[in-house]
Colleague: 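Below you'll find the structure I mean.
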Amino acid sequence: MTDTFFTATVLGSPRIGPHRELKRAVESYWAGRIDADALAAVGRELRTQTWAELVDAGMDSVPVNTFSYYDQMLDTAAMVGALPDRVAGLADPIDRYFAAARGNAEIAPLEMTKWFDTNYHYLVPEIAPGTAFALDASKVLGELREAREQGVPARPVVIGPVTFLLLSKPVDGSGELLERLDDLLPVYEDLLAQLAGAGAEWVQIDEPALVADRTEAELARTREVYERLAALSSRPKLFVASYFGSLGDALPVIASTPVDAIGIDLVAGTDDLASVPALAGKHVVAGVVDGRNVWRTDLDAALSALESARAAAGSLAVSTSCSLLHVPYSLEPETGLDDALRSWLAFGSEKIGEVAALATALTGDRSAVNAQFDASRAGRTSRESDPRLHDDALRDRLASTLAEGISRADAAERRTAQNELLGLPDLPTTTIGSYPQTTEIRVARAALRRGEIDDAEYVRRMQGEIADVIALQEKIGLDVLVHGEPERNDMVQYFAEQLDGFFATENGWVQSYGSRCVRPPILFGDVVRPEPMTVSWFEYAQSLTAKPVKGMLTGPVTILAWSFVRDDQPLADSANQVALAIRDETVDLERAGARIIQVDEPALRELLPLRKADQPAYLDWSVGSFRLATSGVENTTQVHTHLCYSEFGEVIDAIAGLDADVTSIEAARSKMEVLGDLDAVGFDLGVGPGVYDIHSPRVPSVDEMTEALAAALDAVPASRLWVNPDCGLKTRGIVEVEASLRNMVEAARAVRGSTVDA
């Protein structure tokens, strides 16, 4: 190996394409409109564009193998031979891959959950006792070859063995998965040898699991892993990367091994590099440009941090704190930004420029980047003095409301009043909120955006969609209806566009999972609700039916989690500002006749700090913000909430603390596991464990859902059990939705009848 070290890089790149080219290609492949060769061509073009931008910006080491058709953990499972046995019968590798991701009519997909505390979802690999790890390096070697042919200084990136096993799920009686390290490591040894043979000078091994609390035994196994990999006679230089927080006790462990470089997040983390003497022999890759949020880097502060890091390191490179997967591609398309707000922001392309400027300032001619440093200072000064960031009237009203108290009456008292008013059967059926976004909805939204129709015509078309959804639910026989949310482009963006203090981007797309992309709004100032946001849609829907229609809102924690949030005040303060706006909306919905109001908090678990010591404070303010948002209505108004695709065990007490009358929750893929956790903490409110996995095109059978409900009844009495899908139906097709909901209603009626007979 040579002694060359890189100076400027990023830890990874977005892959959906600046105009969501990959989304369209993948969905076209699924629909049979293009073949695998056409899909592969789109992937190659996007990789070429990404690598060229990084090289042109001055990155002297470029990550490859960060491209994915769906998810990097799924890619790793495919690479190490850990796809589930149920997909093995599919001969074509890409179809086998997508079946594991999203299932098909016969095959259930892998479980999905959040990637640490981000809004990205990953597929959870399943490791059974019989899982036989075996290397398939075709993807990573192919992308390395592509990059080298284009003259790119390529650095392959793979998920590390420790993180892979810690984030996987044991099935079929598997025990502690780290016990499988001895089986998995030969695959990584073979991979490193093949990468070295293919010309890779460096390999980046991502171990973000090390920034969470780890036991002494887990750290000891981590040391063994990297001593063993570093001892290989034929390997690239090893760069172990972490992100999303501090390495803490894991930092001296990794530094004590013979790895060549360590990536440290100096944005979300607070590691004291000077306290780890072993770093003096390492190449430290310092993540000083925030890869997760959109604010311009304070270049002066970042340079100071780099100079401190350089004093502790053997050599130093400048990097983003994590992959740029989590931020939009570029500010350039955002024509609606005012000059002040634009000066505060940096998207992916701008962050790459910041890395290059810092590397130049650190290792070259500081005067060459004076303009970038001056712009950073000017943006910071503008932001500090902007009046939109401090509304005294709002802050005074918020303090007064909190002082008055944010609790409702006892849950049992509320339940009696609500049951009398609503008159619902046991096991009432409902859906979570959204219905399929039809072609007609998308056409109308585009026509409004282009000025081809006016607001009145848009409202008329959306009312037509609402009427269709209400009629469908009536026909299917659901007990509690929703209006289907046709007017909502996104459950967070819709509200952000109507709240002062937010900016909604035009092209700020990021990947949520697979082909699902979202445009997180930017929360830049104090939050005020100028007028009602949902009342007119609710009133129209309720006018069409005698059955109760839920008022549908997004909760404050989720609005924060799925936005790019201001970093100049505590998250708790921003959450309470949003909660006050949602509280006003609940009161207006109640006045308009809503007897059930759902305030969704699917991201409650998502923002949970990775270190247990930091979690109680978060849970306190997050629960408090929900109760602030929902405590303004009368006891007779039934408050629902919804949580999805999270590991709920860590927030189970908080779910109870929300004090929602009914909580609907993901449970289909996890086979009702969460209900045992709820039962263990004495949860005695209404609960709707999902019986229908909406992230797969499968239509679950009546028997399948009947079985799920029977399992649910082992933990929840029929008087408190609701029946619903796992999540909203926005991304599904209307034919499969109708078939699935008919089966769901039939299953509920069958189980309801059996409980009465019993």
Colleague: Taking salt bridge (charged side-chain N to carboxylate O under 4.0 Å, His left out) as the definition, give me every residue that meets it alongside E738, ordered by chain and number, with sequence neighbours left out.
Modeller: K475, R742

Colleague: If we check side-chain hydrogen bond (donor to acceptor under 3.5 Å, both in side chains) with K550, which of these qualifies: H483, Q598, Q542?
Modeller: Q598

Colleague: Show every side-chain hydrogen bond (donor to acceptor under 3.5 Å, both in side chains) that has at least one partner inside residues 705-722, sequence neighbours left out.
Modeller: none

Colleague: Between R461 and E440, does the salt bridge (charged side-chain N to carboxylate O under 4.0 Å, His left out) criterion hold? Intermediate values first, please.
Modeller: CA-CA 8 Å; R461 295 189 190 184; E440 291 78 10; over 6 Å; no

Colleague: Hey, could you give me the CD1/CD distance between I596 and Q638, rounded to the nearest 0.5 Å?
Modeller: 5.0 Å

Colleague: Which is it for Q493 and W562 under the side-chain hydrogen bond (donor to acceptor under 3.5 Å, both in side chains) test, yes or no, and what are the steps along the way?
Modeller: CA-CA 9 Å; Q493 183 181 344; W562 296 355; over 6 Å; no

Colleague: With a 4.5 Å cut-off on side-chain heavy atoms, are L478 and T430 touching?
Modeller: no

Colleague: Which residues pass the side-chain contact (heavy atoms from CB on, under 4.5 Å) test with R24, not counting sequence neighbours?
Modeller: R20

Colleague: Distance check, rounded to the nearest 0.5 Å: L83 atom CG versus L110 atom CG?
Modeller: 7.5 Å

Colleague: Are any non-hydrogen side-chain atoms of I734 and L472 less than 4.5 angstrom apart?
Modeller: yes

Colleague: Between P109 and A101, which heavy-atom pair has the shortest distance, and what is it?
Modeller: CB-O, 3.6 Å

Colleague: Return the set of residues passing ring-ring contact (aromatic ring centres under 6.0 Å, His included) with Y540 (not counting sequence neighbours), or none when no residue passes.
Modeller: none

Colleague: Check whether the side chains of Q72 and R15 place a donor and an acceptor atom closer than 3.5 Å, and report yes or no.
Modeller: yes

Colleague: Spell out, as yes or no, whether a donor-acceptor pair under 3.5 Å connects the side chain of T545 to the backbone of K547.
Modeller: yes

Colleague: Do the side chains of D490 and R519 get close enough for a salt bridge, i.e. N-O under 4.0 angstrom?
Modeller: no

Colleague: On the ring face of W537, is R488 found with NZ or CZ under 6.0 Å from the centre and within 45° of the axis?
Modeller: no

Colleague: Can D468 and Y435 be counted as having a side-chain donor-acceptor contact under 3.5 angstrom?
Modeller: no

Colleague: Begin from the C-alpha positions of Y97 and D71 and carry the test side-chain hydrogen bond (donor to acceptor under 3.5 Å, both in side chains) through to its verdict.
Modeller: CA-CA 10 Å; Y97 174 89; D71 167 58; over 6 Å; no

Colleague: Find out whether V662 and L685 are in side-chain contact, i.e. whether some heavy atom of one side chain is under 4.5 Å from a heavy atom of the other.
Modeller: no

Colleague: Which atoms form the tightest heavy-atom contact between A561 and N119, and what is the distance?
Modeller: O-CB, 4.3 Å

Colleague: Which pair of heavy atoms, one from A541 and one from I466, lies closest together, and at what distance?
Modeller: CB-CG2, 3.8 Å

Colleague: Report the C-alpha separation of N724 and Y692 in whole Å, then their side-chain angles, then the decisive distance to 0.1 Å, and conclude whether the side-chain hydrogen bond (donor to acceptor under 3.5 Å, both in side chains) test is met.
Modeller: CA-CA 7 Å; N724 47 258; Y692 159 28; over 6 Å; no

Colleague: Are D588 and R583 within salt-bridge range, i.e. N to O under 4.0 Å?
Modeller: no

Colleague: Just jot down the ring-ring contact (aromatic ring centres under 6.0 Å, His included) partners of H642, sequence neighbours excluded, or say none.
Modeller: none

Colleague: Is any side-chain heavy atom of L741 less than 4.5 Å from a side-chain heavy atom of T429?
Modeller: no

Colleague: Just by distance, no angles: are the side chains of E601 and T641 close enough, under 3.5 Å, to form a donor-acceptor pair?
Modeller: no

Colleague: Within this structure, what is the CE-CZ distance for the pair M112 and R102, rounded to the nearest 0.5 Å?
Modeller: 10.0 Å

Colleague: Using 30° and 60° as the class boundaries, would you call the ring planes of W115 and Y120 parallel, tilted or perpendicular?
Modeller: perpendicular

Colleague: For a quick check under 3.5 Å, do K730 and Q437 share a side-chain donor-acceptor pair by atom type?
Modeller: no

Colleague: On the 0 to 90° scale, with breaks at 30° and 60°, tag the H326-F244 ring pair as parallel, tilted or perpendicular.
Modeller: perpendicular

Colleague: Quick check: does any side chain N or O of S622 sit under 3.5 Å from a backbone N or O of Y618, one acting as donor and the other as acceptor?
Modeller: yes

Colleague: Run the salt-bridge test on R292 and D117 with the 4.0 Å N-O cut-off and return the result as yes or no.
Modeller: yes

Colleague: Under a 3.5 Å distance rule, please check whether Q498 uses its side chain to pair with a backbone N or O of Y494 as donor and acceptor.
Modeller: yes

Colleague: Would you say T534 and E585 are linked by a side-chain donor-acceptor pair, where the criterion is simply a distance under 3.5 Å?
Modeller: yes

Colleague: Testing the 3.5 Å rule here: is there a donor-acceptor pair between the side chains of S168 and E126?
Modeller: no

Colleague: Just wondering, do R408 and V639 contact through their side chains at under 4.5 Å, heavy atoms?
Modeller: yes

Colleague: I'd like to know if the side chain of S625 pairs up with that of N576 as donor and acceptor (distance under 3.5 Å, no hydrogens or angles considered).
Modeller: no

Colleague: Heavy atoms, side chains only, cut-off 4.5 Å: are V578 and L560 in contact?
Modeller: yes

Colleague: I'd like to check the ring-ring contact (aromatic ring centres under 6.0 Å, His included) partners of Y513; sequence neighbours left out, ordered by chain and number.
Modeller: H121, H695

